[in-house]
Amino acid sequence: GAGVSQSPSNKVTEKGKDVELRCDPISGHTALYWYRQSLGQGLEFLIYFQGNSAPDKSGLPSDRFSAERTGGSVSTLTIQRTQQEDSAVYLCASSLGAGGVETQYFGPGTRLLVL
Amino acid sequence: AQKITQTQPGMFVQEKEAVTLDCTYDTSDQSYGLFWYKQPSSGEMIFLIYQGSYDEQNATEGRYSLNFQKARKSANLVISASQLGDSAMYFCAMREGGRRALTFGSGTRLQVQP
């Protein structure tokens, strides 16, 4: 079965531009998560979706970051006016969303480089 | 205070030997879950093993076992019979209470030597 997929796998952008990162969760998983992995900060939680709503946005670092999820499936993370400190690997994960252990399964990530 | 502490930035182990990767955690929640993930050089995070705070038995999954010492707030990963393919970064993570977000440690880079 297909795992979590993310696109693009790599993105190079110029400071000040907007970028969109896409995540396609495992089929049937209603919970979706975004994390960021950077050299300086390690792995950080950004946002969690249950269905199309985001009950936990506590990890979004600034109002330049936003995310949405439509149809309870694909999610898009948007970074506006990118800064060099946004350079990182953005990881998406999904889980069943039914409660219990809720093991999160991760995608391969999008490596973002802001020049 | 750090929620998850992994004190070993790097570890070496001989092939076929066992190795223990340390993880301590800090939480005031009675209900929590502890996870270990492996991240090879390809970058993908691979789930290895889970331990719930109320689980009385230590979790095991094949060559992976979790040495859970609740009073000491430690959840060490034991890999038995190391293989060259075990060379990777290993992350300990915690989910607290009703939150879904995982908090990760800084990771341990394991290198298995032939």
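Not measured: the values here are computed from a predicted model.
For Lys73(B), the NZ atom sits in a packed shell: over 12 heavy atoms of surrounding residues, nucleotides or ligands are nearer than 6.0 Å. Crowding of Arg64(A) atom CZ: a count of heavy atoms from other residues, nucleotides or ligands under 6.0 Å exceeding 12. No more than 12 heavy-atom neighbours from other residues, nucleotides or ligands sit within 6.0 angstrom of CG on Leu39(A). Counting non-hydrogen atoms of neighbouring residues, nucleotides and ligands closer than 6.0 angstrom, the NZ atom of Lys17(A) reaches no more than 12 such neighbours.
Heavy-atom distances place no part of Glu44(A) under 4.5 Å from chain B, backbone and side chain included. Contacts between Val89(A) and chain B at a heavy-atom distance below 4.5 Å are absent for every atom of the residue. Heavy atoms of Ala31(A) lying under 4.5 Å from chain B belong exclusively to its side chain. Within the 4.5 angstrom heavy-atom criterion, only side-chain atoms of Gln50(A), from C-beta onward, approach chain B. Contacts between Leu91(A) and chain B at a heavy-atom distance below 4.5 Å involve the side chain alone, from C-beta outward.
Hydrophobic cluster membership differs between Tyr48(A) and Leu32(A), with clusters built from Ile, Leu, Val, Met, Phe, Trp and Tyr side chains linked at under 4.5 angstrom. Leu96(A) and Ile26(A) end up in different hydrophobic clusters when Ile, Leu, Val, Met, Phe, Trp and Tyr side chains are linked at under 4.5 Å. In the hydrophobic cluster analysis, where Ile, Leu, Val, Met, Phe, Trp and Tyr join through side-chain heavy atoms closer than 4.5 angstrom, Trp36(B) is grouped together with Met11(B). The same ILVMFWY cluster, assembled from side-chain heavy atoms under 4.5 Å apart, contains both Phe65(A) and Leu21(A). The hydrophobic clustering, which links ILVMFWY residues whose side-chain heavy atoms are closer than 4.5 Å, places Ile79(A) and Ile47(A) together.
Between the OH atom in Tyr37(B) and the CG atom in Leu43(A) there is a gap of 10.5 Å [rounded to 0.5 Å]. Between atom OH of residue Tyr50(B) and atom CD of residue Glu102(A) there is a gap of 10.0 Å, rounded to the nearest 0.5 Å. Separation of atoms CG (Leu48(B)) and OG1 (Thr103(A)) is listed at 11.0 Å; rounding is to 0.5 Å. Separation of atoms OG (Ser95(A)) and CZ (Arg95(B)) is listed at 8.0 Å; rounding is to 0.5 Å.
Within the 4.5 Å cutoff, no side-chain heavy atoms of Gln104(A) are placed close to those of Met45(B).
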Practice prompt. Determine, step by step, whether Arg99(B) and Phe45(A) satisfy the side chain to side chain contact (heavy atoms under 4.5 Å, CB included) criterion, reporting the C-alpha distance in whole Å, the side-chain angles of both residues, the deciding distance to 0.1 Å, and the verdict.
Written response: CA-CA 11 Å; Arg99(B) 286 197 80 205; Phe45(A) 166 77; 3.7 Å; yes

Item to complete: For Phe35(B) and Val101(A), run side chain to side chain contact (heavy atoms under 4.5 Å, CB included): C-alpha distance rounded to whole Å, both residues' side-chain angles, the deciding distance at 0.1 Å, then the answer.
Response: CA-CA 10 Å; Phe35(B) 299 79; Val101(A) 175; 4.2 Å; yes

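Here Phe47(B) and Phe106(A) keep their ring centres 6.0 angstrom or further from each other. Aromatic pair Tyr35(A)/Phe104(B): ring centres closer than 6.0 Å.
Annotation: maximal heavy-atom pairing with chain B below 4.5 Å, among Gly59(A), Ala93(A), Pro55(A), Gly107(A), occurs at Gly107(A).
Remark: Arg100(B) fails to qualify as a cation-pi partner of Phe49(A) under the 6.0 Å distance and 45° angle criteria applied to the six-membered ring.
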